[in-house]
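Heads up, the thing below is written out as structure tokens.
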Amino acid sequence: MFLFLYAVLFGNRGWILSSANRLYHGCRGNINGGCRGVLRVFIWLQTLIIALVAPKADHGVTFAPPIPSTLRNDAAPFLKSGSQRFFGWHPIERKILLSSSDANATQLFVVDRPMGIARQLTFGPEPVIEAAYQPETGRHILLQRKVVGVDGPQMFRIYPESKKPVPVLLSDGRRPYNFPRWAPNGQQVAFLARSPGEAGLGLGILNPLAPQTARRLTALRGANWAIENWAPNSKILLLLQKISEKESYVHLADAGTGTLSAITPSGSRRVARALARFVPGLGAVLYTSDVDSDFQQLCRLNLRTGVQEVLLPALKWGVEALSISPNGKQAALVINEAGFGRLRLLDLKTKELSAPANLPRGLVSDLHWHTNGKELGFAVSAADSADDVFSLNTNSGQLTRWTRRVSAVHGSSSIDVVRSFDGEVVPLVYWLPDSQRFDEPVRRPVLLMLPSAPGSQRRPGHLGSHSYLLEKLGMAIVCPNLRGAGGYGNRRRQLDNGQLRVHTLADLNAVLNWIRQQPQLDGERVALWGEGYGGSISLLAMAKFNSFIRCSVLVDPVTNWVEYISGAPAGEKERLREEYGDERDEKLRAFLDRFSPLDAEGNNLESIP
């Protein structure tokens, strides 16, 4: 039996608490949470219906009416929009590799033609994290997946032409293996793993057809490294070393000896870099950098001269995805423009930036060029696309849709901004129900979804299971990007650090006032939705703005920041201290305790009924 959320409406207001790690004990054997995820969303939908639709009580407790048995059937089509990822093309044939959820876990599939039937390649309760065809031949697929009873992901190889491919374990099953990457010649795989008895990570390499050849190339100091790219000659790797959110470095690694060479300098100013890619010909490396900028700009480093050039200095937004065509003539970029993920094509010779026509309005991700050099594949999250895969013929401009995971299309998003107490803007993404179908009452209840982590950004993609609330119940959905949200530049990202975090509640107050001013929205029926960090802000908001909030759904909120920071793993403590404040400092510790949903004595929320 699973644990139901409960909603108790006290007088005119109510509150709802939930902890995701206590829900659905009947499904706890599924490490992916496929079963748990569907049940969880189903129960959350029940909760919001109870809290926002149930009549108010003048005295005492209002007990919710029975949930109609038809709810599960009505909601089922909207619960099929779980995550999907596009992993790339077969190197010779025109077919794609992607992951999607079945009843057990996230599985691997191949689709051999546009809108064709997906053929499942993996099975069981162990979710797939990453996968890629063997370069040049496509004979094997390298995949990374979680394994029951093992701490961390493992590497496997499968032969995709088998009727039911059997995964062959390449890693040792005793420690986590991350960032598995095929060499372009298809004969080696690089990976990162922590060696027993040794500090930090290690860069390793193996022959996937003979996993016993695995060896450690070099030790890597610190915990935050990533393998970014192989050189076309399969002899050099690009690694990214992340010191903090504000500081990272790009290194070359010799695939034979493991020798590391930093190609981005360290200095008095901290610079964040990402998305390092070799340009074919090995003369240059592209990456993004925020040097002398508020955003991640696209840069080219000449490996012969060491000169760095900003390719698009007039660009006013950040680059968040990058893929270079096989011939090196153009690059596909995704630019985060006010939350929208816009696909752009850059001519690397003329530096001319172009926008493909007729793309769905939403978020583009997972960029992969076919080896033919003219077809670019990518995923789209939008009102009519739940991370579906599309491809663009960059010669003709023809757009091809490869998958359609859900048939239901929800309403399009809108964006707006409100001003907080100090003049800082709070960007909003929101969805309004169809006024033709939901004409009475005119003012609709509101689900206010808060960010799940500092630096995250609420964006205008597909709503997933929340589209049920919009399309079936006529609830409006409003997603504010409070100060500290990512995507709007480094200055704004730092506005919630340390004691400045108290101003996030002032931002939320401005959003609540905006809701009450909108003729389509019912300011008397507002629900908060918060997971993790957002759950903590929800609790504080319920205490501070109780008369404006009808209910809240909280999932794993942090109840005390001092305990959270001091109990974090050693590698995470400094990042958390930079974000929230150093709990070892007496004044900051007192602030963190005051700004926690529960202080050291378990108080702070007395004003919630």
Side-chain angles (χ1 to χ4, degrees), residues 86 88-89 94 96 114 229 232 273-281 283-290 293-302 308-385 387-403 412-413 415 457 459-461 487-489:
F86 170 48
W89 300 90
R94 191 171 181 252
I96 63 172
N229 197 217
R273 303 172 179 90
L275 305 175
R277 305 288 185 267
F278 281 106
V279 175
V285 169
L286 297 188
Y287 54 79
T288 62
S289 167
D290 65 357
S293 174
D294 205 29
F295 293 91
Q296 285 287 310
Q297 297 180 304
L298 183 64
C299 301
R300 175 164 52 196
L301 178 68
N302 187 311
Q308 176 183 288
E309 174 190 15
V310 178
L311 296 182
L312 299 168
L315 190 64
K316 302 303 182 184
W317 296 96
V319 176
E320 62 182 10
L322 166 67
S323 184
I324 302 174
S325 65
N327 60 17
K329 293 183 178 180
Q330 59 183 334
L333 313 175
V334 177
I335 300 171
N336 184 340
E337 297 181 4
F340 289 94
R342 311 285 197 187
L343 177 64
R344 298 291 185 263
L345 297 176
L346 174 66
D347 186 307
L348 291 175
K349 183 178 181 180
T350 66
K351 302 177 189 175
E352 181 181 349
L353 198 65
S354 60
N358 303 319
L359 292 184
R361 183 172 178 265
L363 312 178
V364 173
S365 62
D366 297 338
L367 304 176
H368 294 280
W369 288 92
H370 194 281
T371 52
N372 62 25
K374 65 180 182 180
E375 192 163 19
L376 174 70
F378 50 90
V380 175
S381 176
D384 62 346
S385 175
D387 295 310
D388 285 313
V389 179
F390 292 75
S391 66
L392 174 72
N393 186 310
T394 56
N395 291 343
S396 67
Q398 180 180 353
L399 185 68
T400 302
R401 185 171 191 149
W402 282 75
T403 65
S412 297
S413 62
I415 60 174
Q457 183 184 22
R459 306 181 66 179
Y488 302 99

Practice prompt. Applying side-chain contact (heavy atoms from CB on, under 4.5 Å), run through I415 and F340 and close with a yes or a no.
Written response: CA-CA 10 Å; I415 60 174; F340 289 94; 4.0 Å; yes
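- Taking the six-membered ring where tryptophan is involved, the planes of W402 and W89 are perpendicular, since the angle between them exceeds 60° and thus also 30°.
- To the nearest 0.5 Å, atom NZ of residue K329 and atom CG of residue L348 are 11.5 Å apart.
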Item to complete: Please test S413 against R361 for side-chain contact (heavy atoms from CB on, under 4.5 Å), starting from the C-alpha separation and ending with a verdict.
Response: CA-CA 9 Å; S413 62; R361 183 172 178 265; 4.2 Å; yes
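- Remark: side-chain polar atoms of S323 are not paired, donor with acceptor, to backbone N or O of H368 under 3.5 angstrom.
- Separation of atoms CD (E320) and CG (L363) is listed at 7.5 Å; rounding is to 0.5 Å.
- Counting only heavy atoms from C-beta outward, the side chains of F295 and N336 never approach each other to under 4.5 Å.
- For the pair L359/V380, no side-chain contact is recorded, criterion being any heavy-atom separation below 4.5 Å from C-beta on.
- Closest approach of L346 and L311 over heavy atoms only: CD2-CD1, 4.2 Å.
- Here the shortest heavy-atom pairing between T394 and G373 reads OG1-O, 4.4 Å.
- The minimum heavy-atom distance linking Y488 with D294 is given by the pair O-OD2, 4.1 Å.
- Using modelled atom types, no side-chain atom of N395 and backbone atom of K374 make a donor-acceptor pair closer than 3.5 Å.
- Separating the CD1 atom in I335 from the NZ atom in K316 is a distance of 13.0 Å, to the nearest 0.5 Å.
- Minimum interatomic distance between A331 and L322 (heavy atoms only, all atoms of both residues): CB-CD1, 3.9 Å.
- Note: D388 CG to F86 CZ = 12.0 Å, rounded to the nearest 0.5 Å.
- The backbone N or O of A274 lies less than 3.5 Å from a partner atom in the side chain of T288, making a donor-acceptor pair.
- Residues L343 and L367 meet the side-chain proximity criterion, which asks for heavy atoms closer than 4.5 Å.
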Item to complete: Any chance you could lay out the side-chain contact (heavy atoms from CB on, under 4.5 Å) test for L353 and L333, step after step, and finish with the verdict?
Response: CA-CA 9 Å; L353 198 65; L333 313 175; 4.0 Å; yes
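- Rounding to the nearest 0.5 Å places NE2 of H370 at 11.5 Å from CG of N393.
- Closest approach of F278 and P232 over heavy atoms only: CB-CD, 4.2 Å.
- At least one donor-acceptor pair under 3.5 Å links the side chain of R459 to the backbone N or O of G339.
- Screening R300, Q296, R273, Q308 for a side chain to side chain donor-acceptor pair (under 3.5 Å) with Y287, the sole residue that qualifies is Q308.
- You'll find the side chain of L392 reaches within 4.5 Å of the side chain of L345, heavy atoms only.
- Atoms CD1 and OG1, from I96 and T403 in turn, are 6.0 Å apart once rounded to the nearest 0.5 Å.
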Discussion item. Please determine whether side-chain contact (heavy atoms from CB on, under 4.5 Å) holds for the pair R94 and T400, giving the CA-CA distance in whole Å, both sets of side-chain angles, and the decisive distance to 0.1 Å.
Written reply: CA-CA 12 Å; R94 191 171 181 252; T400 302; 4.1 Å; yes
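- Between P360 and L399, the shortest heavy-atom contact is CD-CD2, 4.5 Å.
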